[in-house]
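Residue numbers begin at 1 in each chain, while the letters A, B, ... track the order of the sequences. This is a predicted model, so every value here is computed, not measured.
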Amino acid sequence: MALQAPEGTKDLLPDESKFWTYFKATAAEVFGRFGYVPIETPLFEQTDLFVRGIGEATDVVSKEMFTAVSGQNLETLLGGGTIKAKSRLSLRPEGTAGVVRAVVQHDLVPQGAAPAKLMYAGPMFRAERPQRGRQRQFNQVGVECLGAEDPSVDAESIIMLMRFFEAIGIPVESMRLLVNSMGCDVCRPAYRDAVRSYMDAHADELCDECKRRAETNPLRAFDCKNSGCAAVMAHAPKITDHLCGDCRDHYGTVKQYLVGEGLSFEEDPKLVRGLDYYTRTVFEVQVTEGMGSQNAIGGGGRYDKLAEEVGGRPTPGFGFALGYERCVIALEAAGYEFPRAQRCDYFVACVDDSVRPEAFSLVQAARNAGLTVEMDHQHRSLKSQFKLADKLDADQVIVLGPDELAAGTVTVRNMATHEEYAIGLAAMKSLLSRFGNQPFDGDFSSMLKSASEE
RNA sequence: GUGGCUAUAGUUCAGUUGGUUAGAACGCCAGAUUGUGGCUCUGGAGGUCGUCGGUUCGAGUCCGAUUAGCCACCCCA
């Protein structure tokens with residue numbers, strides 16, 4: 001049997017690979033306007049980083065990580081032995097932990113420095129059961145702003161993400177922006193206790209899973225889809241009523257900034273992120289149409305304690321990630337037309353094999369001038385070559401045949417207007433030789449046309 | 001990790017109660033007189049029916065296993 005891609009992975013075929021490149025470029029452009037610069041961190045890190053950063057009890061860390069073992073270490077483990085911490089590696093399940101680790105390691109935010117604004121794009125890995133909008137290897141674009149705790153960072157990040165979604169073509173009316181504040185380590189423990197007591201008082205109305213959650217992580221019960229639990233939790237204490245003064249002010253200012261920029265959002269006291277590092281502001285962007293049950297295309301929040309957690313000095317941070325594949329689903333649902341990857345400016349057609357050497361040389365000359373040019377490589381009929389040119393969406397077809405060769409010319413056909421004219425082969429090559437080996441950004445067609453009229 | 005559904009040409013799918021050389025559409029290739037695309041017409045190529053095993057005189061069709069996909073739970077982007 002032919003081998004196939006592993007469960008939950010997907011090949012990005014040319015059309016989509018090209019779109020992914022465009023997607024990243026658009027993100028770099030939009031985020032660049034907000035001062036973000038790129039960073040690339042390893043696809044795997046010490047398992048310990050994720051355990052400490054994301055949280056040992058989170059689903060992501062406790063059951064969804066791909067752990068990597070190199071060479072002999074596997075034998076050691078299978079033999080019941082132990083390996084050093086630095087040899088325990090995991091494929092990154094998300095991007096924030098690695099970036100914060102790099103910031104700490106290279107001291108990218110020295111004391112008193114301006115915040116570091118970093119962006120990344122690449123694959124993440126989680127050993128989950130695949131479904132619509134969920135793969136085991138998937139691509140994320142994310143940003144992290146470290147070194148500033150002002151609410152303006154939260155607000156501009158959220159605004160920036162919405163601007164990106166608009167720029168890439170997701171209809172504004174199909175998106176829902178949810179925001180919440182999770183408090184800090186001053187107010188959250190008290191709130192957590194309040195929720196736990198509330199849940200204990202209503203234990204007989206909760207599902208088994210939620211009874212367990214009451215002990216381990218009561219806030220997660222807000223996410224339970226069980227209708228009984230949802231009814232109970234709807235009346236549970238709300239975090240927004242339990243924030244400390246500083247957190248309430250912070251959250252209030254974030255909302256003021258958002259309102260001031262005309263961004264519509266919904267406050268959702270039940271929005272609880274599943275990663276332990278979040279503090280204060282958290283948010284999520286959902287798409288309402290065509291997404292299946294994985295409808296969050298982006299989300300993130302503030303993590304003021306994470307840098308310390310991985311061994312750095314106290315450095316407040318804010319970041320978000322967005323899922324490329326989910327954005328593609330949202331775009332498909334919105335009827336977005338993805339551009340074809342393969343196309344060309346010029347197609348050089350050969351009437352018969354006698355002109356192939358001359359055609360070959362012309363094609364290379366045009367490519368050297370920065371044009372995208374293709375020719376037939378299968379000795380197809382002239383008619384077929386035109387069909388191919390049409391399929392490649394060529395603007396012009398240059399026909400080279402025995403007649404042209406004898407006259408020292410080529411025939412140029414504009415595929416859109418059907419207009420044809422002749423130009424000297426030498427004149428054309430001389431025109432091409434004036435341009436360097438870089439993308440051509442002029443109107444070569446009209447230059448060629450006017451050269452033919454001299 | 002749990003549950004449900006699915007697997008037939010490159011793609012989307014038909015395939016009657018198990019019965020001869022497995023079909024369609026689109027796509028692909030080639031023609032429709034002499035060197036020219038998109039539309040139309042004609043013809044052609046392409047499938048050991050996901051894989052392995054079983055039941056049967058006979059399996060695309062029934063059973064089991066396996067692999068993968070989809071959907072949901074869970075969780076997250």
Side-chain angles (χ1 to χ4, degrees), chain A residues 1-10 13 54 57-65 93-96 121-143 161 165 207 209-210 212-213 217 220 223-226 271-275 278 282-287 291-301 319-330 347 349-352 354-355 378 380-405 411-420:
Chain A
M1 173 173 79
L3 266 51
Q4 358 185 358
E7 178 181 2
T9 66
K10 214 176 97 184
L13 300 180
I54 301 171
T58 60
D59 283 11
V60 168
V61 166
S62 64
K63 53 190 195 193
E64 296 174 1
M65 283 210 293
E94 56 95 57
T96 301
M124 305 297 164
F125 307 84
R126 291 184 199 172
E128 302 179 272
R129 190 77 172 267
Q131 68 181 85
R132 184 171 178 80
R134 193 169 79 183
Q135 300 166 205
R136 292 160 82 101
Q137 175 176 340
F138 58 101
N139 289 296
Q140 282 190 342
V141 175
V143 307
L161 179 58
F165 285 142
C207 69
E209 178 77 22
C210 284
R212 199 161 46 243
R213 282 172 173 146
N217 192 349
R220 292 238 60 85
D223 272 351
C224 189
K225 301 291 192 295
N226 183 302
L271 179 64
V272 182
R273 309 263 82 202
L275 309 180
Y278 285 116
V282 292
F283 76 104
E284 181 168 298
V285 181
Q286 300 180 347
V287 167
M291 292 299 291
S293 64
Q294 309 301 325
N295 64 350
I297 57 174
F320 63 71
L322 58 100
Y324 164 73
E325 286 80 5
R326 291 188 187 174
C327 287
V328 169
I329 292 172
F347 189 96
C350 302
V351 173
D352 63 32
S354 72
V355 300
Q378 297 166 300
R380 294 191 185 194
S381 68
L382 184 63
K383 186 191 192 73
S384 299
Q385 292 179 60
F386 267 89
K387 284 188 178 175
L388 190 52
D390 192 54
K391 223 165 290 171
L392 292 173
D393 197 24
D395 298 328
Q396 318 255 341
V397 172
I398 293 167
V399 183
L400 198 47
D403 297 351
E404 284 85 354
L405 204 57
T411 300
V412 180
R413 177 181 176 87
N414 182 314
M415 294 294 275
T417 65
H418 300 194
E419 183 188 11
E420 278 188 19

Shortest side-chain distance from [X], nucleotide among [options]:
X        : options                : answer
A:Ser293 : B:rG69, B:rA72, B:rU67 : B:rA72
A:Ala296 : B:rA77, B:rG69, B:rG37 : B:rA77
A:Arg129 : B:rA77, B:rG1, B:rC75  : B:rG1
A:Arg380 : B:rC73, B:rG37, B:rC29 : B:rC29
A:Gln294 : B:rU36, B:rA72, B:rC75 : B:rC75
A:Glu404 : B:rG35, B:rG69, B:rC75 : B:rG35
A:Gln4   : B:rC73, B:rU67, B:rU36 : B:rU67
A:Val60  : B:rC75, B:rU36, B:rA68 : B:rC75

[X] [atom1] to [N] [atom2]: how many Å, rounded?
X        : N      : atom1 : atom2 : result
A:Asp352 : B:rU36 : CG    : P     : 13 Å
A:Leu271 : B:rA77 : CG    : P     : 10 Å
A:Leu388 : B:rC29 : CG    : P     : 8 Å
A:Gln286 : B:rC75 : CD    : C1'   : 14 Å
A:Met415 : B:rU36 : CE    : P     : 13 Å
A:Ile54  : B:rC75 : CD1   : C1'   : 13 Å
A:Asp390 : B:rC29 : CG    : P     : 12 Å
A:Asn414 : B:rU36 : CG    : C1'   : 14 Å

Answer yes or no: side-chain N or O of [X] and base N or O of [N] forming a donor-acceptor pair under 3.5 Å.
X        : N      : result
A:Gln378 : B:rC29 : no
A:Glu64  : B:rG1  : no
A:Glu420 : B:rU36 : yes

Distance below 4.0 Å between [X] side-chain N/O and [N] OP1 or OP2:
X        : N      : result
A:Ser384 : B:rC29 : no
A:Gln131 : B:rA72 : yes
A:Lys383 : B:rG31 : no
A:Lys391 : B:rC28 : yes
A:Arg132 : B:rC71 : yes

Quantified in whole Å, what is the [atom1] atom distance between nucleotide [N] and nucleotide [M]?
N      : M      : atom1 : answer
B:rC63 : B:rU56 : P     : 16 Å
B:rU61 : B:rC49 : P     : 9 Å
B:rU16 : B:rA72 : C1'   : 33 Å
B:rG19 : B:rA9  : C1'   : 24 Å
B:rU6  : B:rG15 : P     : 13 Å
B:rG23 : B:rG46 : P     : 14 Å
B:rG10 : B:rU51 : P     : 13 Å
B:rC13 : B:rU55 : P     : 34 Å

Residue matched to [N] through Watson-Crick or wobble contacts both under 3.5 angstrom:
N      : answer
B:rU42 : B:rA30
B:rG1  : B:rC73
B:rC13 : B:rG23
B:rA59 : none
B:rG18 : none

Would you classify [X] as touching base, sugar-phosphate or nothing, given that sugar-phosphate means primed atoms plus P, OP1 and OP2, and contacts are heavy atoms under 4.0 Å?
X        : answer
A:Gly95  : nothing
A:Ala389 : nothing
A:Tyr278 : sugar-phosphate
A:Val399 : base
A:Gly292 : sugar-phosphate

If I take atom OG1 from residue A:Thr411 and atom CD1 from residue A:Ile398, how far apart are they, to the nearest 0.5 angstrom? 10.0 Å
What distance separates A:Leu382 CG from A:Lys387 NZ, expressed to the nearest 0.5 Å? 12.0 Å
Steps toward side-chain contact (heavy atoms from CB on, under 4.5 Å) verdict (A:Arg413, A:Phe386): CA-CA 10 Å; A:Arg413 177 181 176 87; A:Phe386 267 89; 3.5 Å; yes
Stepwise side-chain contact (heavy atoms from CB on, under 4.5 Å) test for A:Val285 and A:Phe320: CA-CA 10 Å; A:Val285 181; A:Phe320 63 71; over 6 Å; no
Contact check, side chains of A:Gln135 and A:Thr9, non-hydrogen atoms, under 4.5 Å: no
When the nearest nucleotide of RNA chain B is assigned to A:Tyr324 and to A:Lys63 on a heavy-atom basis, which residue is associated with the more 5' position? A:Lys63
If you assign A:Ile297 and A:Pro6 each to the RNA chain B nucleotide with the nearest heavy atom, which residue ends up on the more 5' nucleotide? A:Pro6
With a 3.5 Å distance limit and no angle check, can you tell me whether [X] reaches the backbone of [Y] through a side-chain donor-acceptor pair?
X        : Y        : result
A:Glu128 : A:Glu64  : no
A:Arg326 : A:Ala296 : yes
A:Gln385 : A:Cys350 : yes
A:Arg134 : A:Arg129 : yes

